[in-house]
Amino acid sequence: MSTEVWWSSLAAADRDLLGLLDGGERARVESLDRSADRGRSMVGAALLRVAVGAHLGTAPADVVVDRTCAECGGPHGAPRIAGTGTAAPSVSVSHSGLLAVVALVPRGPVGVDVQRLADLADPADGPAWATREALFKAGTPARGDVAIAELRPPLPGYAAVLVTPAGPAGTPRITHWPRPIRA
Ligand SMILES: [Zn+2]
């Protein structure tokens with residue numbers, strides 16, 4: 001099974017998505033002051049559940065996402081899929097500007113990062129910035145243990161990078177949710 005990349009956009013933000021989220025995710029959304037931040041948080045959490053649900057053949061709301069921080073035990077760590085034993089894929093989530101992205105691999109390190117170039121001091125730094133973030137999310141693996149690839153975001157003005165286990169991963173399968181994203 002290959003790598004899966006799922007894109008969504010802030011245009012998908014809708015209060016109905018809250019019904020897919022667990023209590024911790026809803027609390028996180030409600031805690032944010034700015035509506036754009038609430039939308040990004042909601043769409044990112046929902047997209048993760050939709051992608052993993054499709055991968056496992058379960059309903060998005062039934063996916064168990066563990067966000068326990070490895071440092072302090074708080075609920076803000078990198079998401080891990082729980083409750084499905086060895087079937088649980090490795091996942092990574094990122095959002096910036098109007099876009100959210102989820103990457104999923106059957107096992108091993110994974111990291112994805114999308115960055116709106118206009119938010120950077122120097123937009124030319126986009127790919128390098130996204131690479132650093134994606135490597136961090138993948139657990140800062142040794143470079144030889146992973147493959148690093150630029151993704152083509154579905155909107156102009158963004159950089160995105162995907163880190164996956166080294167080896168012949170092939171081209172990621174790309175899905176837009178809930179509908180095609182067009183500039
Ligand atoms: Zn922490």
Side-chain angles (χ1 to χ4, degrees), residues 3-8 10 13 15 17-53 55-56 58 60-116 119-121 125-143 145-146 148 151 158-165:
T3 304
E4 298 174 39
V5 172
W6 290 64
W7 290 99
S8 189
L10 210 48
R15 289 197 65 81
L17 294 184
L18 290 174
L20 301 181
L21 309 187
D22 68 22
E25 290 164 337
R26 276 197 293 273
R28 163 83 184 145
V29 171
E30 306 287 1
S31 76
L32 297 168
D33 289 332
R34 297 177 56 232
S35 73
D37 291 333
R38 285 198 297 275
R40 278 186 281 270
S41 179
M42 187 191 316
V43 170
L47 182 65
L48 173 62
R49 291 173 165 279
V50 166
V52 174
H55 181 82
L56 294 174
T58 58
D62 292 341
V63 172
V64 181
V65 183
D66 180 355
R67 296 172 192 272
T68 305
C69 172
E71 301 288 323
C72 73
H76 49 250
R80 289 186 310 105
I81 306 307
T84 54
T86 56
S90 301
V91 295
S92 183
V93 184
S94 179
H95 40 69
S96 179
L98 295 173
L99 291 175
V101 62
V102 166
L104 182 158
V105 298
R107 65 192 61 79
V110 65
V112 70
D113 192 71
V114 61
Q115 180 61 49
R116 181 163 61 181
D119 294 342
L120 297 176
D125 283 343
W129 180 293
T131 300
R132 278 194 303 274
E133 290 290 314
L135 282 166
F136 176 75
K137 289 175 181 177
T140 317
R143 289 272 175 149
D145 290 345
V146 289
I148 302 170
L151 292 173
Y158 292 79
V161 169
L162 173 66
V163 171
T164 53

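Ligands are counted one by one from 1 in listed order, and the atoms in each one are counted from 1 as well.
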Side-chain donor-acceptor distances from residues 94-104 under 3.5 Å, at least two apart:
{"unit_1": "Ser94", "atom_1": "OG", "unit_2": "Asp113", "atom_2": "OD1", "d": "3.3"}
{"unit_1": "Ser94", "atom_1": "OG", "unit_2": "Val114", "atom_2": "N", "d": "2.9"}
{"unit_1": "Ser94", "atom_1": "OG", "unit_2": "Lys137", "atom_2": "NZ", "d": "3.4"}
{"unit_1": "Ser96", "atom_1": "OG", "unit_2": "Arg116", "atom_2": "N", "d": "2.8"}

Side-chain donor-acceptor pairs under 3.5 Å in residues 18-25, sequence neighbours left out?
{"unit_1": "Asp22", "atom_1": "OD1", "unit_2": "Gly24", "atom_2": "N", "d": "3.1"}
{"unit_1": "Asp22", "atom_1": "OD1", "unit_2": "Glu25", "atom_2": "N", "d": "2.8"}
{"unit_1": "Asp22", "atom_1": "OD2", "unit_2": "Arg49", "atom_2": "NH2", "d": "3.4"}
{"unit_1": "Glu25", "atom_1": "OE1", "unit_2": "Asp22", "atom_2": "N", "d": "2.9"}
{"unit_1": "Glu25", "atom_1": "OE1", "unit_2": "Arg49", "atom_2": "NE", "d": "2.8"}
{"unit_1": "Glu25", "atom_1": "OE1", "unit_2": "Arg49", "atom_2": "NH2", "d": "3.2"}
{"unit_1": "Glu25", "atom_1": "OE2", "unit_2": "Arg49", "atom_2": "NE", "d": "3.4"}
{"unit_1": "Glu25", "atom_1": "OE2", "unit_2": "Arg67", "atom_2": "NE", "d": "3.4"}
{"unit_1": "Glu25", "atom_1": "OE2", "unit_2": "Arg67", "atom_2": "NH2", "d": "2.7"}

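The set of protein atoms (N, O or S) found at less than 2.8 Å from the Zn ion (ligand 1) reads Cys69 SG, Cys72 SG, His76 NE2, by chain and number.
Remark: Thr68 engages Asp66 in a side-chain hydrogen bond (donor to acceptor under 3.5 Å, both in side chains) (not counting sequence neighbours).
Of the possible donor and acceptor atoms, one in the side chain of Ser90 sits under 3.5 Å from a partner among the backbone N and O of Gly108.
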Criterion side chain to side chain contact (heavy atoms under 4.5 Å, CB included) on Arg38 and Arg15, from CA distance to verdict: CA-CA 10 Å; Arg38 285 198 297 275; Arg15 289 197 65 81; over 6 Å; no
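In this structure, Ser92 OG and Arg80 CZ are separated by 14.0 Å, a value rounded to the nearest 0.5 Å.
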